[in-house]
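Report on the following structure.
All ligand and atom numbering here is 1-based and tracks the order in the structure.
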Amino acid sequence: MEKKIIIAIDGHSSCGKSTMAKQLAKQIGYVYVDTGAMYRAVTLFAMQNGMYPDEGIREEELKTAVSNGEIQISFKFNAETGRPDTYLNGVRVEEEIRNMAVSSRVSPIAALPFVRSLLTEQQQAMGEKKGIVMDGRDIGTAVFPNAELKIFVTASAKVRAQRRYDELMNKAKTEEEKAALNYEEILKNVEERDYIDSHRETAPLRKAEDAIILDNSEMTIEEQNSWLLEKYQEKIKE
Ligand code: DC
């Protein structure tokens, strides 16, 4: 049997990390974990429980909820989409965690050390048996510093904002939802998240020394998928 490895895919937001990570996991029969979804689920929890008013996060309340084990995040494979769906305390939240309200509030939540240590621990447990493709910001640096294959993905902010706009446009069900989408606002959100994610104190977004860089600004999804598959195949031959 082929050896199983850990594949860590880090990089900026909306650069197509999850698309390529999901595709690779499917192709090689690995488990895929979207760690951004976990930070988003914690954000949604805080919003739903009055811990994230406009003035800012009620850190002490959130910390208590975390230590009381009130935030349970899990993934269940959805046979219809062929992808895992995110559950927060047993409730499917896959669409809610992707909306703009959560997107614009998640970075400050992801900067909280007690949130990071909770999720990092859960992510490490998920990778115990290897055979996992995990995407995020600190997988190759903090979660699995010994991952066998590390990729750092990036693309220009404009290209990423356009991709996110197209994705949301495709998902929008009504004309109102479509009309509410604003490219400039999305670009601003992408740039803000880049800044907060790279400047926070705990586990900031940075390339691991041994990560391979992939700038996919000029690549199609098919091109990046085959690039990644090739890197995986090279690695398991070593
Ligand atoms: O990948 P995403 O856009 O769904 O991530 C949402 C937010 O969570 C983003 O602001 C970065 C943060 N995040 C993080 O800090 N560490 C991770 N491993 C994954 C995501």
Side-chain angles (χ1 to χ4, degrees), residues 6-22 25 32-47 52 57 62 66 71 73 75 83-86 88 93-127 132-145 147 150-155 157 159-165 167-168 171 185-208 211 214 216:
I6 292 183
I7 304 171
I9 304 192
D10 290 305
H12 292 104
S13 55
S14 307
C15 63
K17 291 188 300 294
S18 62
T19 308
M20 65 194 275
K22 263 177 225 158
Y32 163 67
V33 179
D34 172 359
T35 63
M38 299 171 79
Y39 288 93
R40 288 170 180 270
V42 173
T43 307
L44 184 64
F45 174 89
M47 290 163 65
Y52 206 155
I57 304 162
L62 184 59
V66 164
I71 312 177
I73 300 162
F75 294 102
R83 293 165 180 182
D85 283 342
T86 314
L88 169 62
V93 291
E94 188 53 35
E95 277 85 33
E96 263 178 290
I97 59 166
R98 316 271 168 202
N99 68 25
M100 276 305 275
V102 172
S103 297
S104 57
R105 286 174 180 81
V106 59
S107 278
I109 291 275
L112 297 172
F114 63 89
V115 171
R116 300 209 73 82
S117 54
L118 169 83
L119 298 187
T120 300
E121 221 172 85
Q122 293 182 357
Q123 290 153 10
Q124 287 168 338
M126 291 172 182
I132 198 162
V133 183
M134 195 173 272
D135 87 50
R137 303 293 188 289
D138 61 340
I139 311 306
T141 52
V143 181
F144 294 117
K150 299 181 186 177
I151 312 289
F152 189 85
V153 197
T154 189
V159 166
R160 288 182 284 131
Q162 188 62 50
R163 288 179 185 160
R164 183 105 193 97
Y165 177 87
E167 187 189 334
L168 291 169
K171 276 191 200 155
E185 193 188 325
I186 294 172
L187 177 63
K188 200 169 141 246
N189 177 252
V190 164
E191 287 171 341
E192 268 170 16
R193 278 203 286 162
D194 282 357
Y195 186 85
I196 305 179
D197 294 343
S198 329
H199 289 80
R200 67 175 174 235
E201 256 175 53
T202 314
L205 169 65
R206 65 176 172 82
K207 181 186 125 11
L214 170 67
N216 65 13

Neighbour count above 12 (heavy atom, 6.0 Å) for Glu121 CD: no
Going by the 4.0 angstrom heavy-atom rule, the piece of Arg193 near ligand 1 is side chain
Applying a heavy-atom cut-off of 4.0 Å, say which part of Arg40 lies close to ligand 1: side chain, backbone, both or neither. side chain
Does atom NZ of Lys171 have more than 12 heavy-atom neighbours from other groups under 6.0 Å away? yes
Measure the distance from atom 8 (O) of ligand 1 to every protein heavy atom, then report the residue, atom name and distance (to 0.1 Å) of the closest one. Tyr39 CB, 3.6 Å
Go through it in stages, so that I can follow the logic: the residues are Met134 and Ile6, the test is side chain to side chain contact (heavy atoms under 4.5 Å, CB included), and I'd like the CA-CA distance, side-chain angles, deciding distance and then a yes or no. CA-CA 8 Å; Met134 195 173 272; Ile6 292 183; 5.9 Å; no
Is it the case that over 12 heavy atoms from other parts of the model lie below 6.0 angstrom from the CZ atom of Arg200? yes
So for ligand 1, is Arg98 a polar contact partner (N or O within less than 3.5 Å, distance only)? no
Between Arg200 and ligand 1, which part of the residue brings a heavy atom under 4.0 Å of the ligand: side chain, backbone, both or neither? side chain
Between Arg116 (side chain only) and Ala110 (backbone N and O only), is there a donor and an acceptor less than 3.5 Å apart? yes
Ignoring hydrogens, just give me the one of Ala111, Pro204, Gly36 whose non-hydrogen atom is nearest atom 20 (C) of ligand 1. Gly36
What protein heavy atom is closest to atom 19 (C) of ligand 1, reported as residue, atom name and distance in Å? Thr35 OG1, 3.3 Å
In the protein, what heavy atom is nearest to atom 16 (N) of ligand 1, and what distance, to one decimal place, separates them? Arg116 NH2, 2.9 Å
For the pair Asp10 (side chain) and Ile139 (backbone), establish whether a donor and an acceptor sit closer than 3.5 Å, ignoring hydrogens and angles. yes
Step by step, work out the side chain to side chain contact (heavy atoms under 4.5 Å, CB included) result for Arg193 and Ser104. CA-CA 8 Å; Arg193 278 203 286 162; Ser104 57; over 6 Å; no
Please list the nearest protein heavy atom to atom 10 (O) of ligand 1 with its residue and the distance rounded to 0.1 Å. Ser107 OG, 2.8 Å
Lys188/Glu192 salt bridge by N-O under 4.0 Å criterion: yes
For atom 11 (C) of ligand 1, which of Leu205, Asp197, Asp194 has the closest heavy atom? Asp197
For atom 1 (O) of ligand 1, the protein heavy atom that lies nearest, with its residue and separation: Arg137 NH1, 2.9 Å
Atom 12 (C) of ligand 1: closest protein heavy atom, distance to 0.1 Å, is Ala110 CB, 3.7 Å
I'd like to know whether ligand 1 has Gln123 as a neighbour, heavy-atom separation below 4.0 Å. no
How about Phe114: does its CZ atom have over 12 heavy atoms from other parts shown lying under 6.0 Å from it? yes
